[in-house]
Undergrad: 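If you scroll down you'll find the structure; I have some questions about it.
All values below come from the heavy atoms of this structure, side chains included, with hydrogens, waters and symmetry mates left out. All values derive from a computational prediction rather than experimental measurement. The residues of the chain are indexed from 1 along the displayed sequence.
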Amino acid sequence: MAGGAVIGTLWMVCLMLPPYLMQRAIDDGLQPGETGVLVAWVGALVGVALLNAWLGIMRHRIMTRVRMDATFRTIEVVVVHSTRLGAELPRKVSVGEVANIGAGDVAQMSQALTITGPGVGSVVAYLVAAAVLLSVSVPLAVVVLLGVPLLVAVVGPLLGRLQGAENKYRGQQGALTAQLGDIVGGMRVLNGIGGKEMLAGRYLRGSKALQAEGYRVGAVTSWIQSLSVGLPALFLALVTWLAARMAAEGTITIGTLVAVYGYVAVLVVPVSYFIEGGYDLTRGLVAARRVVRVLGLKPSVEDVTKLRPAPAAPATLHDVDTGVELSPGRLTAIVSVRPAESAAMVDRLGRYSASAATWGGVPLAEIALAEIRSRIMVADNDADFFSGTLRSVVGGRSEHTGRSVAQALQDAAAEDIVQALPDGLDTPIQAQGSNLSGGQRQRLRLVRALLADPEVLLLVEPTSAVDAHTEAAMAAGLGRARAGRTTVVTSTSPVLLEQADTVCYLVNGRLVAAGPHRELLASAPGYRALVARGIHESVTDSTPAEEAFR
């Protein structure tokens, strides 16, 4: 930016040289017998033109580098911070806002930085022009010194209005983009329940409101851009008229008149840059606030300064909030009247939210996050799919043999998915698995989790989107694949609960009963009503122990 400011200043100042050279060529060269003088001044004029062309190219190249460098560095910062936020990102910011940052905000911020080079040059050129005109005529210099700030002041209030309108427009645009993403992501479900028309109508109303706000932004922008062209032209006309009167009165020469016209015509360039720079800066500030707001988000959990080592061998996980203890090497099912409570417990045990949970007696909050992530894995139904071949989608970051992949596909009852795809495991999968059904995505998420083979696997509703026959095959495969490994499933499916070594029954976020599935069916009416989905039994038909927690 400093280099651009130097080159921009030289370019702007050198634009003042042609009017002076033309003045000398007219006054000194257009005299009888002064052909050599005329040729010399014309040669100097050509040389300055070539110099200005080179300076203009270099200024543009440097400002382009500034813009591109700022764009990629900002994107890098946002991406790195997004990965640091991880699972917190979609909870704290909408998809639409993130998309708009990458699609528009970064470019507007970078564009604002390009005003530095010509901006500094415009200030210097304005002062040089004023000094030159002072040597020609004090009234002309006064007009220039007062006129340029006046032109900028006229546009100032419009820039303030633009900033407010742009803020509102960008906010609505982000919300509408997020709504569109939700509609597209849930299209199959919406079609199934007949909600597509309702949400499409809501999107249409939001789109019309955004259109109206866009017209408001466009109205202010059109005034700014028209004034940036019209006001300098009026300013040029006024100064030229004054100089022409002085030439007619003999106060200045014809060459000086041409030079004054040239100086003022050149001043149109910095004036335009002043107005254009204010416009870019206003939009850049709006964009920068949105980017800074995302960069200001903090993850719910972070590594502390003093860390303690994780248990060297498989150990008990204890969730203090619910009272649930997960014994190592066992398959534990979590059943809750409110599914959100069991999902929240999984987040605490996976350290995706702050809690007092312990692992082998050591608080999770005092263990390095990298250690927890490498040994405890949370797999839910919102886990992302990146585009790539099916093999890479389920394989993750580890290398797997064909035999291990085939076994995982069998355990997750996903063999038919591979068989139905044209190129099997080499078939391209679109981002978020959009070319797969909900049930297929769920089974492939289980395949990916089984191939990762973590020490502790926490599964959230792993069979909620499949039919009963497939669910039974997945339950049997899960028990087979995770034998002897610590595994947790949150579910109310009797098929899965039958496979569990221990079932923990939660009421209002607290453990009220634990034991094998069949024992709980006999001893806890509330549990029986919940998992059997009985018509005549109520979930509130509880034991005294359950009522104590209500």
Undergrad: What pairs with Thr427 under side chain to side chain donor-acceptor pair (under 3.5 Å), at least two apart in sequence or on another chain?
TA: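 None.
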Undergrad: Please report the closest heavy-atom contact between Gly433 and Arg441, naming both atoms and the distance.
TA: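 Shortest heavy-atom contact: O-NH1, 3.2 Å.
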Undergrad: Evaluate the criterion side-chain contact (heavy atoms from CB on, under 4.5 Å) for residue pair Val460 and Asn381; output intermediate values, then yes/no.
TA: CA-CA 7 Å; Val460 179; Asn381 288 319; 5.6 Å; no
Undergrad: What is the minimum heavy-atom distance between Arg448 and Phe385, and which atoms define it?
TA: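 Minimum heavy-atom separation between Arg448 and Phe385: NH1-CD2, 3.8 Å.
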Undergrad: Indicate yes or no: does Arg73 engage Glu76 in a salt bridge with an N to O separation below 4.0 Å.
TA: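 Looking at Glu76 together with Arg73, the answer is no, because their closest N to O distance does not fall below 4.0 Å.
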Undergrad: If you draw a 6.0 Å radius around CD in Glu399, do more than 12 non-hydrogen atoms from other residues or ligands fall strictly inside?
TA: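 Incorrect, the count does not exceed 12.
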Undergrad: Can you give me the closest heavy-atom contact between Ala287 and Asp105, atom names plus distance?
TA: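 Closest approach of Ala287 to Asp105, heavy atoms only: CB-O, 3.3 Å.
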Undergrad: Roughly how far, to the nearest 0.5 Å, is CZ of Phe72 from OG of Ser110?
TA: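 Those atoms lie 9.5 Å apart.
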Undergrad: Would a distance-only check, ignoring hydrogens and angles, find a side-chain to backbone donor-acceptor pair under 3.5 Å from Arg445 to Ala379?
TA: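 A pair under 3.5 Å: no.
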Undergrad: Kindly give the heavy-atom pair with the smallest separation between Pro454 and Arg375, and that separation in Å.
TA: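 Smallest interatomic distance, heavy atoms only, reads CB-O, 3.9 Å.
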Undergrad: Judged by atom type as modelled, is there a donor-acceptor pair below 3.5 Å linking the side chain of Asn52 to the main-chain atoms of Leu17?
TA: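 Pair absent, no side-chain N/O of Asn52 close to backbone of Leu17.
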Undergrad: Rounded to the nearest 0.5 Å, how far does CD1 of Ile7 lie from CD1 of Ile57?
TA: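 CD1 of Ile7 is found 12.0 Å from CD1 of Ile57.
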Undergrad: Calculate, to the nearest 0.5 Å, the distance between atoms CD1 and OH belonging to Ile376 and Tyr352 respectively.
TA: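 Reported value, rounded in 0.5 Å steps: 10.0 Å.
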Undergrad: Would you list the atom pairs, donor with acceptor, under 3.5 Å between side chains in residues 18-25 and any protein atom, with sequence neighbours excluded?
TA:
from, atom 1, to, atom 2, distance (Å)
Gln23, NE2, Thr256, OG1, 3.2
Arg24, NE, Asp28, OD2, 3.0
Arg24, NH2, Asp28, OD1, 3.3
Arg24, NH2, Asp28, OD2, 2.3

Undergrad: Verify, without hydrogens or angle tests, whether Gln440 (side chain) and Ser437 (backbone) share a donor-acceptor contact under 3.5 angstrom.
TA: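 Pair found, side chain donor or acceptor close to backbone of Ser437.
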Undergrad: Say you draw a straight line from OG1 of Thr71 to CD1 of Ile75; how long is it, rounded to the nearest 0.5 Å?
TA: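 Rounded to the nearest 0.5 Å, the OG1-CD1 separation comes to 6.5 Å.
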Undergrad: State whether the number of non-hydrogen atoms from other residues, nucleotides or ligands found under 6.0 Å of His81 atom NE2 is greater than 12.
TA: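 Yes, NE2 of His81 has more than 12 neighbouring heavy atoms, counting only those of other groups under 6.0 Å.
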Undergrad: Give me the atom names and distance for the closest heavy-atom approach of Gly424 to Leu390.
TA: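 Closest approach of Gly424 to Leu390: O-CD2, 4.0 Å.
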Undergrad: Going through the checks in order, is the side-chain contact (heavy atoms from CB on, under 4.5 Å) test met by Ile417 and Leu444?
TA: CA-CA 9 Å; Ile417 301 176; Leu444 291 177; 4.1 Å; yes
Undergrad: What's the spacing between Asp380 CG and Asp347 CG if we round to 0.5 Å?
TA: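 Answer for the CG-CG pair, Asp380 versus Asp347, is 7.5 Å.
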Undergrad: Kindly say whether Ser355 contributes a backbone atom to a donor-acceptor pair with the side chain of Arg348 at under 3.5 angstrom?
TA: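 Checked: no pair found.
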Undergrad: Does any N or O in the side chain of Arg351 come within less than 3.5 Å of the main-chain N or O of Ile367, such that one atom is a donor and the other an acceptor?
TA: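 Side chain of Arg351 to backbone of Ile367: a pair is present.
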Undergrad: Flag the pair Leu307 / Glu366 as yes when at least one side-chain heavy-atom distance between them is below 4.5 Å, and no otherwise.
TA: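 Leu307 does not reach Glu366 side chain to side chain.
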Undergrad: Arg61 vs Thr64, test: side-chain contact (heavy atoms from CB on, under 4.5 Å). Steps then yes/no.
TA: CA-CA 5 Å; Arg61 288 182 62 181; Thr64 300; 5.7 Å; no
Undergrad: Report yes or no: does His400 contribute a side-chain atom to a donor-acceptor pair with the main-chain N or O of Val394 at less than 3.5 Å?
TA: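 No, because the side chain of His400 does not come within donor-acceptor range (under 3.5 Å) of the backbone of Val394.
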Undergrad: Within the distance-only criterion (no hydrogens, no angle test), does the side chain of Arg59 pair as donor or acceptor with the backbone N or O of Trp11 below 3.5 angstrom?
TA: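 Flag not set: sc Arg59 to bb Trp11 has no pair under 3.5 Å.
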Undergrad: With side-chain contact (heavy atoms from CB on, under 4.5 Å) as the criterion, how do Val78 and Leu295 come out once you've worked through the C-alpha distance, each side chain's angles and the decisive distance to 0.1 Å?
TA: CA-CA 7 Å; Val78 172; Leu295 294 178; 4.2 Å; yes
Undergrad: Is there side-chain contact between Ile429 and Asn435, with heavy atoms separated by less than 4.5 Å?
TA: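 Side chain of Ile429 against side chain of Asn435, heavy atoms only: contact under 4.5 Å found.
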Undergrad: Can you name the closest pair of heavy atoms from Met109 and Gly284 and give their distance?
TA: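 That closest heavy-atom pairing would be CG-O, 3.8 Å.
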Undergrad: Supply the atom-to-atom distance Met246 CE to Thr253 OG1, rounded to the nearest 0.5 angstrom.
TA: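 So the CE of Met246 and the OG1 of Thr253 are separated by 10.5 Å.
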